[in-house]
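Just so you know, these numbers come straight off a predicted model, no measurement behind them.
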Amino acid sequence: MTLLYFVLVLGITVLIHELGHFLFAKRFGVYVYEFSIGMGPKIFSFHRKNDETVYSVRLLPIGGFVSMAGEDMEDANQSIPTDKQLVSKKWYQRFLTIAAGVLFNFALAVILLFFVGLMNGSTTGVAYIDSVEPEYPAYEVLQPGDQIVKVNGTKVHSVDRLSLELQIHHGQEITFTVLGEDGIERIEKIAPKTVKVDGVDTYVYGFTLSSEVDHGFFSAIRYAFTKIFSLLEQMALIIFYLITGKLSLNSLAGPVGIFNIVGESARAGFVSLMYLTAYLCINVGFINFIPLPAFDGGRLLFLIIEKIKGSRVKPEIENMVHSIGFILLMILMVFITYNDILRLFH
């Protein structure tokens with residue numbers, strides 16, 4: 001069942017991304033050779049009547065693609081009219097066709113988060129203390145109702161940001177800036193207590209955060225948009241912390257890690273799976289928007305350069321840059337997957 005959920009969750013995430021590219025390509029009259037969900041060998045494919053596109057499902061559910069005429073340079077297939085090639089389209093049409101995958105991922109994430117908020121209730125996202133546990137460090141200095149507003153001087157305006165900062169400072173003494181119910185800020189230093197969980201050392205501060213929720217249509221809308229912006233901020237910070245060395249590549253998860261997360265979410269229930277799908281949609285959209293070679297963001301960057309300089313970048317240069325980026329991306333994926341497998345045996 002975990003494998004089925006894994007294929008379903010990743011399939012939906014990839015499908016909506018590629019559907020964005022596909023629909024905009026069709027809208028602007030681009031000839032589409034193939035619309036594929038999955039990578040590697042084909043499992044099955046079909047044609048629709050009066051439609052040139054081959055629709056296929058491939059073996060590996062870790063990606064997908066929309067193969068368009070003239071996507072990278074003038075199409076070598078002389079049977080495809082020039083006006084049906086992406087390269088011949090207006091600048092804004094090419095830009096929207098490439099950006100549509102990211103936009104569709106974000107749109108689906110908002111819809112899914114709205115239903116999560118509608119079904120489970122929506123949290124405020126603010127880091128309020130719900131309880132403090134006796135015999136743990138936080139018991140002496142924190143009280144229910146306190147709001148954590150800073151961690152080591154860094155503002156934390158959401159639970160997502162607090163969770164990330166706790167991960168960055170994992171196992172360390174932390175200086176919390178706390179806003180009490182009396183409206184007065186105070187600074188408290190808390191060193192975690194080391195406890196063993198399943199034989200592994202775990203650092204515990206001894207407080208839990210409020211899980212109070214609001215219900216209703218408008219609360220769910222507010223939750224969907226505040227959550228997506230909060231997660232986007234968190235992902236941007238993760239990239240920053242990876243670059244600055246505060247986070248290691250070992251903290252990232254690849255397909256194997258996602259498989260385990262899907263299994264845990266499935267056991268937690270349908271709404272948890274829905275939230276995970278929304279999270280992955282935001283993740284895929286964000287990563288693809290980064291202006292690096294081999295990503296949609298890299299292609300958009302070349303379009304922006306073209307707009308600024310008034311002429312197109314030489315196709316051979318752009319293709320070389322994307323090829324190098326793709327090779328580096330594959331090396332990174334192998335490294336992350338290797339770490340995922342190692343974690344299975346620890």
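- Residues Tyr279 and Leu113 share a single hydrophobic cluster, defined by chaining ILVMFWY side chains whose heavy atoms lie under 4.5 Å apart.
- In summary, the side chains of His21 and Glu71 do not present any donor paired with an acceptor at a separation below 3.5 Å, with no hydrogens or angles considered.
- The two atoms that bring Val213 and His215 nearest to each other are CG2-NE2, 3.5 Å, heavy atoms only.
- Remark: Thr208 engages Ser131 in a side-chain hydrogen bond (donor to acceptor under 3.5 Å, both in side chains) (not counting sequence neighbours).
- A distance below 6.0 Å separates the ring centres of Phe22 and Tyr55.
- Under a hydrophobic-cluster definition in which Ile, Leu, Val, Met, Phe, Trp and Tyr are linked whenever side-chain heavy atoms come within less than 4.5 Å, directly or via other members, Ile98 and Phe95 are assigned to the same cluster.
- Between Phe44 and Phe46, the angle of the ring planes stays under 30°, which puts this pair in the parallel group of the 30/60° scheme.
- Note: the hydrophobic cluster containing Phe289 also contains Val110 (ILVMFWY, side chain heavy atoms under 4.5 Å, direct or indirect links).
- The shortest heavy-atom contact between Ile80 and Gln85 is O-NE2, 3.2 Å.
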### Task
Determine, step by step, whether Phe176 and Ile187 satisfy the side-chain contact (heavy atoms from CB on, under 4.5 Å) criterion, reporting the C-alpha distance in whole Å, the side-chain angles of both residues, the deciding distance to 0.1 Å, and the verdict.
CA-CA 6 Å; Phe176 292 93; Ile187 295 176; over 6 Å; no
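- For the residue pair Thr53 / Lys26, a side-chain donor-acceptor distance below 3.5 Å is found, with atom types taken as modelled.
- Transitive grouping of hydrophobic side chains (ILVMFWY, heavy atoms separated by less than 4.5 Å) brings Val66 and Ile43 into a common cluster.
- Pairs engaging residues 114-153 under the ring-ring contact (aromatic ring centres under 6.0 Å, His included) rule: Phe114-Phe217 [sequence neighbours left out].
- Residue Val156 comes nearest to Lys150 through the heavy atom pair CG2-N, 3.7 Å, listed as atom of the first residue, atom of the second, then distance.
- Here CD1 of Ile243 is found 12.0 Å from CD1 of Ile238. Values are rounded to the nearest 0.5 Å.
- Ion pairing of Glu306 with Arg94 is present here, as a side-chain N (NZ or NE/NH1/NH2) and a carboxylate O approach within less than 4.0 Å.
- Taking both residues in full, the closest heavy atoms of Leu142 and Arg186 are given as CA-NH2, 4.0 Å, listed atom of the first, atom of the second, then distance.
- Scanning both residues, Cys281 and Ile16, for their nearest heavy atoms gives SG-CG2, 4.2 Å.
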### Query
What do the steps show when you test Asp296 against His17 for side-chain contact (heavy atoms from CB on, under 4.5 Å), and what is the final call?
CA-CA 11 Å; Asp296 291 341; His17 182 90; 3.0 Å; yes
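- Atom CG in Asn120 sits 11.5 Å away from atom OH in Tyr275 (nearest 0.5 Å).
- With rounding to the nearest 0.5 angstrom, the OG1 atom of Thr244 is 11.0 Å from the CD1 atom of Ile239.
- Between Tyr241 and Glu165 the shortest heavy-atom distance is OH-OE2, 2.8 Å.
- With rounding to the nearest 0.5 angstrom, the CG atom of Leu112 is 6.0 Å from the OG1 atom of Thr277.
- Side chains of Ser56 and Glu34: a donor-acceptor N/O pair is present below 3.5 angstrom, by distance only.
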